[in-house]
Colleague: 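First, the structure itself, so that you have it in front of you.
In what follows, chains carry the letters A, B, and so on, assigned in the order in which the sequence lines appear, proteins first and then strands, with residues in each chain numbered from 1. Every value quoted in this text rests on a predicted model; they were computed, and no experiment measured them.
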Protein chains: 2
Amino acid sequence: MQEPTLLLLTALADEPRHGYALMQEVAEISNGRVRLRTGTLYGALERLQREGMVRVEREEVVDGRARKVYALADQGASALAEETARIRAVALEAERRLALRPRLKGVTA
Amino acid sequence: MQEPTLLLLTALADEPRHGYALMQEVAEISNGRVRLRTGTLYGALERLQREGMVRVEREEVVDGRARKVYALADQGASALAEETARIRAVALEAERRLALRPRLKGVTA
DNA sequence: CGCACATATGCCGGTCACCGATATATGTAA
DNA sequence: TTACATATATCGGTGACCGGCATATGTGCG
């Protein structure tokens, strides 16, 4: 699972949102670091629906603009929980090893 | 940064290792979950060298077999530290949101 | 002696997530 | 009427990763 996908699922984790709102939510979660392109967004949403991670909760029209509201499926919530557990473990191990790393250039100062 | 790359840098974080040892180390770090293919391994090592993340520490011959020993460059260590900080933050946010998620089917039992 | 297996490195073609661009359409503000 | 925010969608290209293949030596087994 790559970061755009991880952020997408995270943005859906607390409550259902529509596509455009997801773009903004992902940008906010990542402190503006990750800006989802529409190609990535809608492509990923389709794929995640095929995989049973996400479903369309409802379709609505607000101010004459059509919206699809997506929700995190139970399977998506499980996958997200597993993924976060995995990457936390790897991050912990990476930090442990970095601390063990022999320092090179005058880091002792 | 994808998981294979993250695990590779992690496997190099504490001390230099040669290719085959990296495959084993990555498998161990991930509890056997991730088995690096040689295509991924040597491809990634080349790419990471181009990017200044990894360098060849030395070449040696052990039992008639040639080895290249790879080391994490300072830039690679910085990148790894930044990456772990990023994913920890995202993992934390994902877990916070999952906890906020409205439960559906009799989870209260 | 021959076979399988671990060690060790490397190439090549395919797939797929992601990127960048483009298209379409409506509401609001200058 | 021009520009921008909102909102969705498609398409071609790139590149990391996968799976398979090739190559070569050392060790253990029958």
Side-chain angles (χ1 to χ4, degrees), chain A residues 1-12 16-28 30 32-51 53-70 76 79-80 83 86-87 90, chain B residues 1-12 16-28 30 32-51 53-54 56-70 76 79-80 83 86 90:
Chain A
M1 190 186 293
Q2 284 171 255
E3 203 182 15
T5 300
L6 176 64
L7 288 167
L8 245 187
L9 294 184
T10 300
L12 280 177
R17 287 185 169 86
H18 63 98
Y20 195 84
L22 285 171
M23 285 196 286
Q24 298 173 138
E25 195 72 11
V26 164
E28 202 180 308
S30 67
R33 216 183 65 245
V34 178
R35 304 266 175 182
L36 247 49
R37 322 293 157 170
T38 61
T40 305
L41 175 72
Y42 294 105
L45 283 173
E46 249 181 71
R47 172 175 51 89
L48 291 168
Q49 279 179 77
R50 274 201 314 274
E51 293 169 357
M53 303 289 184
V54 165
R55 60 185 154 71
V56 175
E57 175 106 320
R58 65 182 184 278
E59 306 193 31
E60 49 184 34
V61 176
V62 177
D63 288 330
R65 285 183 219 97
R67 277 181 178 176
K68 276 186 192 166
V69 177
Y70 300 90
L80 180 56
E83 181 72 9
R86 268 200 289 274
I87 65 182
V90 174
Chain B
M1 190 185 296
Q2 284 170 256
E3 203 182 14
T5 300
L6 176 63
L7 287 167
L8 245 188
L9 293 184
T10 300
L12 279 176
R17 287 184 168 88
H18 63 96
Y20 195 84
L22 285 172
M23 284 195 287
Q24 299 173 135
E25 196 73 11
V26 164
E28 204 181 306
S30 66
R33 216 183 66 245
V34 178
R35 304 265 176 183
L36 247 49
R37 323 294 159 169
T38 61
T40 305
L41 175 72
Y42 293 105
L45 283 173
E46 249 180 73
R47 173 175 49 89
L48 291 169
Q49 280 178 77
R50 274 201 313 274
E51 294 170 356
M53 303 290 184
V54 166
V56 175
E57 173 105 323
R58 63 181 184 279
E59 304 194 33
E60 47 184 35
V61 176
V62 177
D63 290 329
R65 284 185 222 97
R67 276 183 180 175
K68 276 185 193 167
V69 178
Y70 300 89
L80 179 56
E83 181 71 10
R86 266 199 290 272
V90 175

Colleague: Determine to 10° how strongly the helix from C/dC1-D/dG30 to C/dA30-D/dT1 is bent, judged from the axes of its five-pair ends.
Modeller: 0°
Colleague: I want to check one thing: is the phosphate of C/dT9, taken as OP1 and OP2, less than 4.0 Å away from some side-chain N or O of B/Tyr42?
Modeller: yes
Colleague: Who pairs with A/Glu57 by side chain to side chain donor-acceptor pair (under 3.5 Å), at least two apart in sequence or on another chain?
Modeller: A/Arg55
Colleague: What's the closest nucleotide to the B/Tyr20 side chain, out of C/dC11, D/dA5, C/dA6?
Modeller: C/dA6
Colleague: Drop me the distance from A/Tyr42's OH to A/Leu36's CG, to the nearest 0.5 angstrom.
Modeller: 10.0 Å
Colleague: Take atom CD of B/Gln49 and atom C1' of C/dT9, then tell me their distance rounded to the nearest Å.
Modeller: 13 Å
Colleague: Please identify each residue that fulfils side-chain contact (heavy atoms from CB on, under 4.5 Å) with A/Val61, with sequence neighbours left out.
Modeller: none
Colleague: What is the distance, rounded to the nearest whole Å, between atom CD of A/Glu59 and atom P of D/dA7?
Modeller: 15 Å
Colleague: So which nucleotide from C/dG10, D/dT6, D/dA7 ends up closest to the side chain of B/Lys68?
Modeller: C/dG10
Colleague: Quickly work out the B/Leu7 CG to D/dC17 P distance and round it to whole Å.
Modeller: 10 Å
Colleague: Whole angstrom is fine here: how far is it from CG in B/Leu45 over to P in D/dC17?
Modeller: 11 Å
Colleague: Using atom CE of A/Met23 as one end and atom C1' of D/dC4 as the other, report the distance to the nearest whole Å.
Modeller: 14 Å
Colleague: Of all residues at least two apart in sequence or in a different chain, which pass the side-chain contact (heavy atoms from CB on, under 4.5 Å) check with A/Arg65?
Modeller: A/Asp63
Colleague: Quick one: side chain to side chain donor-acceptor pair (under 3.5 Å) partners of B/Arg33, sequence neighbours excluded?
Modeller: B/Glu3
Colleague: How does protein contact run along nucleotides 17-30 of chain C, one letter per nucleotide 5' to 3', with B for base contact, S for sugar-phosphate only, - for none, heavy atoms under 4.0 Å?
Modeller: SSBBB----BS---
Colleague: Rounded to the Å, how far apart are B/Arg67 CZ and D/dT25 P?
Modeller: 17 Å
Colleague: Let me have the donor-acceptor pairs involving side chains of residues 16-24 of chain A, under 3.5 Å, with sequence neighbours excluded, atom names and distances please.
Modeller:
unit_1	atom_1	unit_2	atom_2	d
A/Arg17	NH1	A/Ala11	O	2.7
A/Arg17	NH1	A/Asp14	OD1	2.9
A/Arg17	NH2	A/Glu25	OE2	3.4
A/His18	NE2	A/Arg67	NE	3.4

Colleague: Tell me what B/Glu46 touches on the nucleic acid: a base, only sugar-phosphate, or nothing, going by heavy atoms under 4.0 Å.
Modeller: sugar-phosphate
Colleague: Quick one: side-chain contact (heavy atoms from CB on, under 4.5 Å) partners of A/Glu28, sequence neighbours excluded?
Modeller: none
Colleague: What integer distance in Å separates B/Met53:CE from D/dA16:P?
Modeller: 11 Å
Colleague: A/Ala79: what forms a side-chain contact (heavy atoms from CB on, under 4.5 Å) with it, not counting sequence neighbours?
Modeller: A/Met53
Colleague: From B/Met1 CE over to B/Leu48 CG, what is the distance, rounded to the nearest 0.5 angstrom?
Modeller: 8.0 Å
Colleague: Counting any heavy atom closer than 4.0 Å, what does A/Ala21 reach on the DNA or RNA strands: base, sugar-phosphate only, or nothing?
Modeller: nothing
Colleague: How long is the line joining CD of B/Gln24 and C1' of C/dC5, in whole Å?
Modeller: 13 Å
